[in-house]
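Chain naming here is simple, since letters A, B, ... match the order of the sequence lines and numbering starts at 1 in each.
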There are 2 protein chains.
Amino acid sequence: MPTGTVTPAHVGDIVRLKDAGLRVTAPRLAVLEALRALDHPSVDAVTEAVRERLGAVSTQAVYDILGAFTAAGFVRRIEPAGSPALFEGRVDDNHHHLICRVCGSVADVDCATGHAPCLTPSERAGFLVDEAEVIYWGVCPSCQGARVSPEGGKAHA
Amino acid sequence: MPTGTVTPAHVGDIVRLKDAGLRVTAPRLAVLEALRALDHPSVDAVTEAVRERLGAVSTQAVYDILGAFTAAGFVRRIEPAGSPALFEGRVDDNHHHLICRVCGSVADVDCATGHAPCLTPSERAGFLVDEAEVIYWGVCPSCQGARVSPEGGKAHA
DNA sequence: CGCCTTTTCTGGAACGATTCAAGAAACAGA
DNA sequence: TCTGTTTCTTGAATCGTTCCAGAAAAGGCG
């Protein structure tokens, strides 16, 4: 492995970071890369991916980076009940999630009517609502076949 | 009022517990009482209320009781992002929640069309959906007046 | 190209919420 | 009342996340 040289790294990522006023660092590029490769990853999953690429990176750094990215609007953090926080790169498009009760896998669902019929609760009790978060709980295709066996056939690493 | 005599306690609660095959104990009755009195309480809030009534009760007992009640269908547990689990006594009626981003207060909202228009995601990706959980994030009446956003409302979501 | 300020990363402790485990106590049926 | 379970107590453990202080990079500037 060539020293200090960062692997491929999309030029777009660098621009993106700079535009957001964030410094360009190897860990950050690796996190962006990981977010592109993984599907709704947890901090842990991102950390693992980043380490595979760069070697040693502190857990804290990944938390910091994901925090900064969330603040910058690069990623969205979702926190399903009973699960650690998950991150997704798709922002700016109003979509919701389907979550499997058995294996925890997450799938995106575009908001049916684009305008979110849900966004307008019948009575809003005086609240100033700015977001409607919808989670559809169910069982994913692969877990349906395996019935309620806790082990099932999870193909996830 | 010292000796082992439990305070009032609704007869209905006792029946309810028995019907569910649960033993009738002071802590359990106190938790039922607390759930009736409090609005979307956390484990902590329930514990506090229970202790006010009975004196010493272990935190673990409250967790156990709430766990048993959840399993029995007496209560529903909701877990808003960034908040400890909250419990509510209203079950069997399909309603959602309005949560204040500032103070965390929770308000119930009946599902607009009774039958949850949300319950049917556009494409369900093969999932077997059994529940649609909707959380409307916003700012409650009292926090609006307080001082959150000097201007009207927050532009982007 | 080096200097300097600022941001970022490291390492380790601290924390809140929740769970696990083992034994003592209380409930309910015979 | 006796007995087998369920439930409660105590105390430690775990998980995910955050807080800290200091060391290490990044980038703008002469």
Side-chain angles (χ1 to χ4, degrees), chain A residues 3-6 9 13-32 40-48 50-51 53-72 74-75 77-87 104, chain B residues 3-6 9 13-32 40-48 50-51 53-72 74-75 77-87 104:
Chain A
T3 6
T5 313
V6 185
D13 287 349
I14 297 179
V15 176
R16 210 162 165 212
L17 287 171
K18 286 192 168 163
D19 283 358
L22 295 173
R23 292 191 176 171
V24 180
T25 69
R28 286 183 172 169
L29 291 173
V31 168
L32 283 175
H40 301 286
S42 62
V43 172
D44 228 51
V46 171
T47 303
E48 196 180 341
V50 167
R51 287 191 178 140
R53 191 138 319 195
L54 302 180
V57 172
S58 72
T59 302
Q60 188 54 48
V62 178
Y63 270 97
D64 284 351
I65 292 170
L66 287 171
F69 283 7
T70 303
F74 291 180
V75 300
R77 168 199 217 123
I78 63 178
E79 251 175 276
S83 149
L86 305 180
F87 295 82
Chain B
T3 348
T5 312
V6 185
D13 287 348
I14 297 178
V15 177
R16 210 163 165 211
L17 287 170
K18 286 193 167 160
D19 282 357
L22 295 172
R23 291 192 175 170
V24 179
T25 69
R28 285 183 172 170
L29 292 173
V31 168
L32 283 175
H40 302 285
S42 62
V43 172
D44 227 52
V46 172
T47 304
E48 196 180 341
V50 168
R51 287 190 179 141
R53 190 137 320 194
L54 303 181
V57 173
S58 72
T59 302
Q60 187 55 46
V62 178
Y63 269 98
D64 285 350
I65 291 170
L66 287 171
F69 283 7
T70 302
F74 291 179
V75 301
R77 170 200 215 119
I78 63 178
E79 250 174 277
S83 151
L86 305 180
F87 296 82

Once you round it to whole Å, what is the distance between P of dC15(C) and CG of D44(B)?
16 Å
Do any of residues 59-68 of chain A sit with a heavy atom less than 4.0 Å from DNA chain D, and if so which?
Q60(A), Y63(A)
Take atom CD1 of I14(B) and atom C1' of dC27(C), then tell me their distance rounded to the nearest Å.
13 Å
Between the CG atom in L17(B) and the CG atom in L22(B), the distance rounded to the nearest 0.5 Å is 6.0 Å
Say you draw a straight line from CD of E48(A) to OG1 of T59(A); how long is it, rounded to the nearest 0.5 Å?
11.5 Å
Should T25(A) be listed as having a side-chain N or O under 4.0 Å from OP1 or OP2 of dT7(C)?
no
Atom-pair distance (CD1 on I78(B); C1' on dA17(C)), nearest Å
16 Å
Measuring to OP1 and OP2 of dT8(C), would you say a side-chain N or O of R28(A) lies under 4.0 angstrom away?
yes
Would you mind reading off the distance between L54(A) atom CG and dC9(C) atom C1', rounded to a whole angstrom?
12 Å
According to side chain to side chain donor-acceptor pair (under 3.5 Å), who are the partners of Q60(B), at least two apart in sequence or on a separate chain?
D64(B)
Interatomic distance where CD belongs to E79(A) and C1' belongs to dC15(D) [whole Å]:
14 Å
Atom-to-atom span, CG of L22(A) to P of dT6(C) - whole angstrom:
17 Å
Give me the atom names and distance for the closest heavy-atom approach of R23(A) to R28(A).
O-NH1, 3.1 Å
Going by the rule ring pair (Phe, Tyr, Trp, His ring centres under 6.0 Å), which residues pair with F74(A) if we only count those two or more places apart in sequence or in a different chain?
F69(A)
Testing dC27(C), dT19(C), dA26(D) for proximity to the side chain of R23(B), the answer is dC27(C)
Taking the side chain from R77(A) and the backbone from A85(A), do they hold a donor-acceptor pair closer than 3.5 Å?
no
Whole angstrom is fine here: how far is it from CG in L17(B) over to P in dT6(D)?
16 Å
